[in-house]
Amino acid sequence: MDDWSHCLTFGLSMAKQASQLVLAAFEQQKEVKCKSSAADLVTQSDMKVENLLKSAIANKYPDHRFCLIIFYLIILLSLWMSHESKSTFDPRFIGEESVGTGEDVELTDHPTWLIDPIDGTVNFVHRFPFVAISIAFCVNKQTEFGIVYSCVDDKVYHAQRGRGAFMNGQQLHVSGQQDVSKCVVVTEIGAERDDLALSTMTSNIFRLLKLPVHGLRALGTAAVDMCQVATGGADVYYHIGMHCWDIAASAIIVQEAGGIVIDTDGSEFDMMSRRVIAASSSVVANHIARVIRVFPCRRDDAKPSE
Ligand code: IPD
């Protein structure tokens, strides 16, 4: 049985290499484009880092390519049988910027790398010093490991299923806090800016502050935000509207640090639902689930017709 440690080691070395690219561009002037909203940004560096990671992984793991060919044949056959056409499909990678240019999000049983080349692109554009490379690796739709490389402060968070969570080699443990009124809560407003999303998110903040909680924080990168729960520096993180590539890696990091990751409605965590609560204890996670309200978000893996 493959424990995927060789992929983790390779992922860690690639994240470090990609981090050099991010840091080299950090102080430079960037050409910025908007994607889904005026707050959803992309730069040349996002594309460069994603391409670097994808091509390095594809070169290193030709056996994943073998799986890919068989998978392509199955897909082509089913497309032929259903008389449908699809222009792009790459089941081995779910990368933020590839999806931004039209690729589907489909998590299959194949070894799949979920990549956010720069989590915190708004921070990157403004030189606000929290940006991360987030890499998760899933097999049979189960996350085997996650890596979050926080570039500016040179902190690498990682976890492998069943083997604990670490930051720069030091084992991580959640705070274990059970009392929501003693929690530091981390959240983000994110890129969804329609009236319903904004009013829901701001009223959630109001509701939490009235509980009360000790404090509310936002670093501008979902991946690093969530890792703060794994370190015990924060007690709970919630977010509505982020994407699977933002939180897939940090979810396993929180779980391996002893934390709880659930959907905002209290059900099982589903990385495609675009809703998450990551907490130091199930008591706190469920308390937050009861307090916050949600707004509708299109699932990451929704088909174009949905
Ligand atoms: C964003 C960041 C941000 C979160 C957004 C994400 P990106 O990711 O994680 O903190 O609020 O929802 O989309 O676009 O910088 O990779």
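Just so it is clear, the values below take in all heavy atoms, side chains as well, and ignore hydrogens, waters and symmetry mates. Both ligands and their constituent atoms are indexed starting at 1 by order of listing.
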Checking the side chain of Ser281 only, and the main-chain atoms of Val284 only, is there a donor and an acceptor separated by less than 3.5 Å? yes

Do Phe10 and Tyr61 have ring centres separated by under 6.0 Å? yes

Collect the protein residues that have a non-hydrogen atom under 4.0 Å from ligand 1 and hand them over in chain and number order. Glu96, Asp116, Ile118, Asp119, Gly120, Thr121, Glu188, Gly190, Gly220, Thr221, Ala222, His239, Met242, Asp246

Mind checking whether Trp4 and Phe137 have ring centres under 6.0 Å apart? yes

I'd like to check the salt bridge (Lys or Arg N to Asp or Glu O under 4.0 Å) partners of Lys141; sequence neighbours left out, ordered by chain and number. Asp109

Indicate, with yes or no, if the rings of His110 and Phe93 have centres closer together than 6.0 Å. no

Search all heavy atoms of Val229 against all heavy atoms of Asp235 and return the closest pair with its distance. CG1-O, 3.9 Å

